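Have a look at the structure below, then the notes.
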Amino acid sequence: MTKALLDKIVDLAVRRGIFFPTAEIYHGPAGFYDLGPLGSLMKHNIIQYWREFFILRETKINIYEIDGSIILPYTALKASGHVDKFTDPKTECRRCGRIYRADHLIEEVISISVEGKSLEEIEGVIAEHNIRCPSCGGELGEIKPHHLMFKTEIGAAGEVAFLRPETAQNIFLDFKRVYYSMRCKLPFGIAQVGRSYRNEISPRQSLFRLREFTQMEIEMFIAPEDLNTHPSFDEVRDVKIRILTREEQLKERPEVVEISAKDAVEEGVVPNQYMAYYLARETQFYMSLGIPFESIRFRHLLPEETPHYSGGNFDLEVRFSFGWKEIVGNAYRTDYDLSTHSRFSGEELAVQHNGRKVTPHVIEPSFGIERTLYALLEFSYSEDERGWPVLKLPRRVSPVKAAVLPLMRKDGLDEKAYSIYSSLRRVPNPCYVVYDDTGSIGRRYARADEIGVNLCITIDYQTLEDDTVTVRDRDTKQQIRVKASELMDIITKDTLRPVIG
RNA sequence: GCGGCGGUAGUCUAGCCUGGUAGGACGCCAGCCUGCCACGCUGGUGACCCCGGGUUCAAAUCCCGGCCGCCGCACCA
């Protein structure tokens, strides 16, 4: 049996500087990863491509990007519901020390839901029904909160604050400022790329369950009566999306429904055009990054998986080697966030629309960057006929666009190659090009393939005569001979080349 | 957090049972060689054997605790 794909990718990632555990030399805690030089380049490329795809390309609706504070005060997260919602009641057996989720235990034993009840009330239920440790029968201790948010303190007074559990909250908190400063009109969007924090009980699967991660989010603000009139919907109406409906999930063998964006709205499979628009755009986005259509699906979360105010959540799941996993969450948050923040803060967060006050409804696509990055690695990992790894990354997001290689390190080939390399770096808006003259040419091609270098530019004896070079394509291994002066243009065109298939 | 398994140079690994402080391969670096897909030669680099404690004259090896990883359970906006 060959090594699992995840192991191969983690091995490659650590060895070649894509990602590795944080504070590794001190055996750091689980759930934290640093991106290395190549991972960092990939992340930047993914973010920039996402901006172009979801923000800049959107000309009929303005989307404004902000960059908010990671530390948020207690009051803001109390209002948003996170202080209560992001806390699990836990209890420890006084005899054997096992720890249980108190709410789950109660539901399991006496089939009563204690959702929304306070810790004292939950304790009362346990005492009243004499619920004991299911493992040893011992008495259960007092109910304590387990915070899924990282708690911290501000200043000398020690004001309680938290690291934000989602980037979305800054957007709601800044809503009024953005609205007035940018003279917004509904519909419009506010986007943010940044770190979020969740103190997971047990992080797993490398980049998948992190305690610190990066989100790319958009909150689209829409008048409720306009939810079915997205101005660009015609552009995606025929785009096919794959949906795992609630009904299908309850079946023995669930089947994905393949449906056009337009039909999905008309048949009520998704709640509105705005949601359908994003499901379609996300399908296009990930397909353009090399994820096959059949390996993408949107799972309509079951009612018990979503908050009470949700108008429908659709997770974009990708078929990984270890199963279907969420990499994007799409939530119809109704007007819940703006309404509750308005109520708690006393600020008016309704806006003028068609001559009256409206509290906008919100459609939120929320992308996980680390998960996206891992997905790209998994879907681009391949091995050639000799068993050597080749990362067939989408040209657009691969970390290194070209490597300049002298065929031999003698006879002036190296000087010539170095000067070509320099000229490619010293241009306006340069891309990432590297130089390598160590080892045989074959070894250097292999090293480049392993990290997904799009093109290898080789300087040989003919270059010294007529200033032409060979350009080798990573995926086909085909070489063409071109003029050195055309290289920049060739690299740029190659970088923007769409994924085939 | 619970249970099972594991942790030896950057990577893979021998040694562990049957204590005597580590050997290989690949990589990496330097030089030679090399006229297009991990060539070859020479030299070199690199491991307080995951951490802490215990047993012992002596611990990579045996025992205990911890950390991290994998699998299962539980958890997972």
Side-chain angles (χ1 to χ4, degrees), chain A residues 3-4 6-8 10-17 20-32 36 80-82 85-86 88 90-93 96-101 103-105 108 134-136 146 148-149 164-169 196-206 208-211 213 215 217 301 305-307 310 313 315 322 325-326 329-331 333 364 366 368 384-390 405-411 413 438-450 456-464 469-472 474 477-479 481:
Chain A
K3 213 169 162 187
L6 181 121
D7 292 334
K8 287 183 177 183
V10 169
D11 176 70
L12 176 62
V14 170
R15 207 157 36 78
R16 298 303 307 270
F20 32 75
T22 295
E24 202 178 5
I25 60 171
Y26 290 108
H27 318 99
F32 298 92
S80 70
H82 286 94
K85 189 180 72 187
F86 259 62
D88 294 333
K90 65 181 176 189
T91 179
E92 188 176 348
C93 172
C96 70
R98 283 172 192 272
I99 292 173
Y100 299 95
R101 278 280 299 267
D103 52 341
H104 288 222
L105 190 60
E108 207 172 288
S135 177
C136 76
H146 173 78
L148 290 173
M149 288 196 291
R164 65 185 177 195
E166 57 176 9
T167 51
Q169 287 309 316
S196 292
Y197 300 80
R198 290 174 197 180
N199 200 0
E200 298 283 353
I201 294 171
S202 63
R204 286 272 168 97
Q205 279 160 329
S206 76
F208 258 84
R209 288 270 296 283
L210 296 171
R211 290 185 165 129
F213 55 99
Q215 294 182 297
E217 285 195 325
L301 298 192
E305 295 179 293
T306 56
S310 170
N313 285 51
D315 280 358
F322 43 88
K325 296 284 177 187
E326 177 205 356
N330 294 283
R333 299 175 75 133
E364 172 199 84
S366 173
D384 67 13
E385 58 281 357
R386 294 157 295 198
W388 303 335
V390 182
L405 316 167
L407 185 61
M408 236 95 47
R409 191 167 44 184
K410 64 174 188 184
D411 301 332
L413 289 173
T438 309
S440 72
I441 189 68
R443 178 188 297 267
R444 283 175 276 158
Y445 287 146
R447 273 202 294 250
D449 285 345
E450 197 179 37
C456 285
I457 296 159
T458 306
I459 280 63
D460 58 14
Y461 286 95
Q462 195 177 328
T463 311
L464 301 178
V469 299
T470 62
V471 176
R472 169 189 180 271
R474 178 195 66 204
K477 311 245 192 297
Q478 296 299 306
Q479 284 180 304
R481 185 166 282 277

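Keep in mind that this is a model prediction, so the values were computed, not measured.
- With rounding to whole Å, A:Asp411 atom CG is found 10 Å from B:U34 atom P.
- For A:Arg474 and A:Asp384, the salt-bridge test fails: no basic side-chain N is under 4.0 Å from an acidic carboxylate O.
- Residue contacts shown for A:Glu305 are absent, as no nucleic acid heavy atom lies under 4.0 Å away.
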Between protein and nucleic acid, restricted to nucleotides 42-51 of chain B and to nitrogen or oxygen atoms under 3.5 Å apart, what atom pairs and distances do you find?
residue, atom, partner, partner atom, Å
B:C50, O2', A:His27, NE2, 2.7

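- Counting any heavy atom pair closer than 4.0 Å across all strands shown, A:Glu217 reaches no nucleic acid atom.
- The nucleotide B:U56 finds no pairing partner, because no Watson-Crick or G-U wobble arrangement with both distances shorter than 3.5 Å includes it.
- Base pairing of B:A47 is not made with any nucleotide, judged by Watson-Crick or G-U wobble geometry with both donor-acceptor distances under 3.5 Å.
- Of the candidate nucleotides B:C37, B:U11, B:C36, B:C36 has the atom nearest to the side chain of A:Asp460.
- Of the nucleotides present, B:U11 is the one that pairs with B:A25 by Watson-Crick or G-U wobble criteria, both distances under 3.5 Å.
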Practice problem: Could you check A:Arg472 against A:Gln478 for side-chain contact (heavy atoms from CB on, under 4.5 Å), going step by step and ending with a plain yes or no? | Solution: CA-CA 6 Å; A:Arg472 169 189 180 271; A:Gln478 296 299 306; over 6 Å; no
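- Taking only side-chain atoms of A:Asp11, from C-beta outward, the nucleotide of B:A38, B:U11, B:G35 with the closest atom is B:U11.
- As judged by a 4.0 angstrom heavy-atom cut-off over every strand, A:Leu407 is placed among the base-contacting residues.
- One finds a salt bridge joining A:Glu166 and A:Arg333 here, because a Lys/Arg side-chain nitrogen approaches an Asp/Glu carboxylate oxygen to under 4.0 Å.
- In this model, the phosphate group of B:C36 is not approached by any side-chain N or O of A:Thr458 to a distance below 4.0 Å at OP1 or OP2.
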Practice problem: Applying ring-ring contact (aromatic ring centres under 6.0 Å, His included), run through A:Phe208 and A:Phe322 and close with a yes or a no. | Solution: CA-CA 11 Å; A:Phe208 258 84; A:Phe322 43 88; 5.4 Å; yes
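- Of the candidates B:G35, B:C39, B:C76, B:C76 carries the atom nearest the A:Arg209 side chain, counting heavy atoms from C-beta on.
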Nucleotides 28-33 of chain B: which of its N/O atoms have a protein N/O under 3.5 Å away?
residue, atom, partner, partner atom, Å
B:C28, OP1, A:Arg447, NH1, 2.5
B:C28, OP2, A:Arg443, NH1, 3.1

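- Across all strands shown, B:C2 is found opposite B:G72 as a Watson-Crick or G-U wobble partner, with both distances under 3.5 Å.
- Picking from B:C36, B:U11, B:C39 the nucleotide with the shortest atom distance to the side chain of A:Tyr445 gives B:C36.
- For A:Arg481, whose side chain is taken as the heavy atoms from C-beta onward, the closest listed nucleotide among B:U34, B:A38, B:C36 is B:C36.
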